[in-house]
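Accompanying notes for the structure given below.
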Amino acid sequence: MSRPRAPKPRPTGPARVILLNKPWGVLSQFTDKGTEGSGRETLSSYVNLPEVYPAGRLDRDSEGLLILTNDGRLQHRIAHPDTKLPKTYLAQVEGEITEEALALLRKGVTLKDGITRPAKARRIDPPDWLWPRDPPVRYRKSVPDDWLELTLTEGRNRQVRRMTAAVGLATLRLIRWQIGDWTLGGLQPGQWRDA
């Protein structure tokens, strides 16, 4: 029989909220346990603060906003799908975004783990403020690419990539721009600031 988990502690001082622009290829954790000497980069390369932890995660091949905090309750509120905290992503996709694809994303698409909640979805122009990615996104002359803004209120594993694939659009690049009221707001990859 498993023991119930103790509630996450509140910080002894004021809650600290850190906004980090997680670069592509970085794990959303501070150590890479079990793969000693793997060379996979972690958050410890960018943030050296005691007792702050990621509130949720962002896949290694995704970029953008990751919130770190020392407040367990705030961490739970940000990360747990029951709170329905909106998260906005910018996705560069392979192919042209059609109104039909947008309508499906807005309605909810069927994935292997069930139908997604309705999302806000719109085609956008390529962001002119966006930093170049290292390594660059693959480019094919014969296949157009387009940009999509997608706001979700749930957080399934690799959800944006699976949703775009379900409507025939492979995701080439994925940037989380906003969580709730917090945004990247000018942070370059690897930079962080207090919220």
Side-chain angles (χ1 to χ4, degrees), residues 16-29 40-49 52 54-69 74 78-79 84-99 101-103 105-106 118-155 158-165 167-195:
R16 187 149 191 201
V17 177
I18 303 297
L19 307 181
L20 169 69
N21 185 347
K22 185 194 86 65
W24 185 92
V26 175
L27 297 173
S28 292
Q29 57 201 43
R40 296 193 306 177
E41 202 170 17
T42 66
L43 299 177
S44 61
S45 297
Y46 301 94
V47 179
N48 184 17
L49 297 172
V52 295
R57 61 184 187 76
L58 194 56
D59 293 329
R60 184 174 178 222
D61 57 353
S62 299
E63 309 162 71
L65 185 59
L66 187 64
I67 296 177
L68 302 115
T69 183
L74 178 61
I78 292 167
K84 298 180 178 67
L85 191 67
K87 296 172 179 74
T88 300
Y89 298 83
L90 308 179
Q92 183 181 15
V93 295
E94 195 170 68
E96 292 182 23
I97 299 169
T98 63
E99 282 303 318
L102 291 172
L105 293 168
R106 291 173 186 143
K120 292 180 181 174
R122 68 185 184 107
R123 186 195 166 282
I124 61 171
D125 291 329
D128 59 2
W129 51 264
L130 194 58
W131 57 89
R133 197 184 83 176
D134 183 23
V137 172
R138 74 173 185 258
Y139 175 73
R140 298 190 321 182
K141 283 184 181 179
S142 61
V143 181
D145 63 85
D146 223 338
W147 281 86
L148 170 73
E149 181 184 274
L150 195 63
T151 301
L152 310 177
T153 57
E154 60 185 337
R158 299 185 70 80
Q159 183 173 348
V160 172
R161 293 176 192 279
R162 294 191 298 142
M163 287 177 73
T164 62
V167 298
L169 301 166
T171 296
L172 301 172
R173 187 174 183 188
L174 186 60
I175 299 110
R176 184 160 57 199
W177 164 251
Q178 185 169 2
I179 300 173
D181 292 330
W182 293 292
T183 69
L184 278 177
L187 288 174
Q188 292 300 302
Q191 291 182 337
W192 62 268
R193 69 170 178 271
D194 284 283

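Everything numeric here is computed off the predicted structure, so don't read it as measured data.
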Ring center gap for Trp192 and Trp182 short of 6.0 angstrom: no
Does any part of the side chain of [Y], heavy atoms only, come nearer than 4.5 Å to the side chain of [X], both counted from C-beta?
X	Y	value
Pro127	Trp147	yes
Asp145	Glu94	no
Pro86	Leu152	no
Leu172	Arg138	yes
Ile175	Tyr89	no
Leu148	Leu90	no
Leu85	Thr153	no
Tyr46	Glu41	yes

Flag the pair [X] and [Y] as a salt bridge only when some basic side-chain nitrogen lies within less than 4.0 angstrom of an acidic carboxylate oxygen.
X	Y	value
Lys87	Glu154	no
Arg173	Glu63	yes
Asp61	Arg161	yes

Nearest non-hydrogen partners of [X] and [Y], listed with the distance:
X	Y	answer
Val160	Ala91	CG1-CB, 4.5 Å
Thr42	Gln29	CB-O, 3.1 Å
Leu105	Ala121	CB-CB, 3.9 Å
Gly190	Pro23	N-CG, 3.5 Å
Ala79	Gly56	CB-N, 3.5 Å
Pro135	Trp24	CD-CZ3, 3.2 Å

I need the [X] [atom1] to [Y] [atom2] distance, nearest 0.5 Å.
X	Y	atom1	atom2	answer
Ser44	Leu49	OG	CG	12.0 Å
Asn21	Leu66	CG	CG	10.0 Å
Thr98	Leu102	OG1	CG	6.5 Å
Thr183	Arg176	OG1	CZ	13.0 Å
Ile18	Leu43	CD1	CG	12.0 Å

Lys120 vs Glu149, side-chain contact (heavy atoms from CB on, under 4.5 Å): CA-CA, chis, key distance, verdict: CA-CA 8 Å; Lys120 292 180 181 174; Glu149 181 184 274; over 6 Å; no
Verify side-chain contact (heavy atoms from CB on, under 4.5 Å) between Val17 and Asp194, making sure each step is shown before the conclusion. CA-CA 6 Å; Val17 177; Asp194 284 283; over 6 Å; no
Among Thr88, Leu184, Ile67, which one satisfies side-chain contact (heavy atoms from CB on, under 4.5 Å) with Ile179? Ile67
Any donor-acceptor pair under 3.5 Å from [X] side chain to [Y] backbone:
X	Y	value
Arg16	Thr69	no
Gln178	Gly180	yes
Asp146	Ile97	yes
Lys22	Asp59	yes
Thr171	Val93	no
Arg57	Ser28	no

Verdict with reasoning, Leu20 to Leu65, per side-chain contact (heavy atoms from CB on, under 4.5 Å): CA-CA 6 Å; Leu20 169 69; Leu65 185 59; over 6 Å; no
Can you tell me if Glu96 has over 12 outside heavy atoms packed within less than 6.0 Å of its CD? no
Please check if the number of heavy atoms outside Asp181 that lie under 6.0 Å from its CG is greater than 12. no
